[in-house]
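Along the sequence shown, the residues carry numbers beginning at 1. What's counted below: heavy atoms across the whole structure, side chains too, no hydrogens, waters or symmetry copies.
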Amino acid sequence: MSAAANLVASQRARCTVRGATSAPRLEEEDIEPFTIEEVQSLLVEAAKLRNSAPWVVALALGLRQGEALGLHWEDVDLAAGYVRIRKNRLRPKYAHGCGDTPCGRKAGYCPQKQQTRREHKSTKSRAGRRTIGLPGPLIKLLRQHQEAQEKERAVAGAD
């Protein structure tokens with residue numbers, strides 16, 4: 001073997017041996033929770049939105065985004081004061097619905113798009129399925145939100 005061939009062989013051996021050992025350690029970043037001022041600022045901005053309730057619920061109960069967006073009224077018992085976390089909202093995935101004449105857009109922007117992924121999925125683990133008590137102010141907010149939704153439905157149905 002030539003010197004160059006020996007060098008290549010030894011480099012390959014080092015890569016193979018190095019690859020067989022453990023991966024380099026990644027330093028985990030510490031999670032920094034929101035400060036009280038940040039939470040208050042978020043709640044003030046959320047209150048300006050029509051659908052602020054999911055964000056208030058997520059902040060108050062420490063829910064993940066998918067859990068908060070996956071909540072339905074059947075998961076909430078305002079009289080007993082609890083909410084059941086059972087499912088997550090999934091990111092939508094689409095396929096083209098144009099058929100033989102492509103529209104030239106990505107599937108999500110196709111005028112005739114078809115959803116290929118279900119909207120909700122059960123939580124990943126048994127620990128993810130849980131029941132959480134609702135504090136009094138949150139129950140009051142959710143009642144107001146439910147009444148507002150009912151009014152919107154009545155107006156939409158009246159047209």
Side-chain angles (χ1 to χ4, degrees), residues 19-20 22-159:
S22 61
R25 289 186 188 201
L26 295 176
E27 300 216 9
E28 292 185 28
E29 293 182 29
D30 290 335
I31 296 173
E32 293 184 32
F34 291 121
T35 65
I36 292 173
E37 294 80 20
E38 290 171 329
V39 170
Q40 289 172 340
S41 174
L42 282 169
L43 292 176
V44 166
E45 290 301 314
K48 297 175 185 176
L49 302 173
R50 181 181 143 270
N51 64 343
S52 62
W55 305 112
V56 176
V57 170
L59 279 171
L61 303 180
L63 301 181
R64 297 175 184 94
Q65 182 181 11
E67 292 171 342
L69 295 174
L71 285 176
H72 291 279
W73 285 115
E74 67 252 16
D75 300 322
V76 180
D77 188 337
L78 295 175
Y82 68 84
V83 62
R84 285 185 306 263
I85 309 300
R86 299 183 289 184
K87 55 190 169 224
N88 289 317
R89 173 91 163 87
L90 298 174
R91 184 179 302 272
K93 196 171 190 179
Y94 300 101
H96 275 281
C98 321
D100 296 332
T101 56
C103 64
R105 300 177 183 172
K106 290 184 179 181
Y109 298 99
C110 175
Q112 296 155 358
K113 64 186 172 194
Q114 297 173 346
Q115 192 163 345
T116 59
R117 178 186 286 171
R118 62 181 185 236
E119 289 189 24
H120 296 90
K121 179 177 138 182
S122 294
T123 57
K124 290 181 183 178
S125 67
R126 188 175 300 160
R129 290 183 289 279
R130 60 202 186 277
T131 302
I132 303 172
L134 295 171
L138 195 54
I139 292 172
K140 182 179 175 184
L141 174 92
L142 288 172
R143 279 199 175 110
Q144 291 171 349
H145 184 67
Q146 191 174 36
E147 289 170 8
Q149 280 188 340
E150 289 170 0
K151 286 178 185 174
E152 286 180 10
R153 281 192 193 101
V155 168
D159 291 343

If you define the side chain from C-beta out and look only at heavy atoms, does anything of Thr35 sit under 4.5 Å from Val39? no
Do the side chains of Arg129 and Glu67 get close enough for a salt bridge, i.e. N-O under 4.0 angstrom? no
Quick one: does Leu134's side chain get under 4.5 Å of Val76's, heavy atoms only? yes
Thinking salt bridges, do Glu152 and Arg50 make one under a 4.0 Å N-O criterion? yes
Ignoring hydrogens and angles, tell me if any N or O in the side chain of Lys113 forms a donor-acceptor pair with the backbone of His96 under 3.5 Å. no
Please give me the minimum heavy-atom distance between Gly70 and Asp75, naming the atom from each residue. O-OD2, 3.9 Å
Exam field: side chain Thr116 to backbone Ala95, donor-acceptor pair closer than 3.5 Å: no
Taking the side chain as everything from C-beta on, heavy atoms only, tell me whether Leu59 gets closer than 4.5 Å to Phe34. yes
Indicate the atoms forming the closest heavy-atom contact of Ala68 with Leu63, along with that distance. CA-CD1, 4.1 Å
Kindly indicate whether the side chain of Pro135, heavy atoms from C-beta on, has any atom under 4.5 Å from the side chain of Leu61. yes
Do you know which two heavy atoms are closest between Gly97 and Cys110, and how far apart they sit? N-SG, 3.8 Å
For a 4.5 angstrom cut-off between non-hydrogen side-chain atoms, does Pro111 reach Arg105? yes
Tell me, do Leu69 and Gln65 make a side-chain contact under 4.5 Å, heavy atoms counted? yes
Heavy-atom pair of closest approach, residues Gln115 and Tyr94: CA-CD2, 3.7 Å
Test salt bridge (Lys or Arg N to Asp or Glu O under 4.0 Å) on Glu150 and Arg153; report intermediate values, then the result. CA-CA 5 Å; Glu150 289 170 0; Arg153 281 192 193 101; 5.8 Å; no
How about Trp73 and Gln149: does a side-chain donor come under 3.5 Å of a side-chain acceptor? yes
Exercise: identify the closest heavy-atom pair between Asn51 and His145: CA-CE1, 4.4 Å
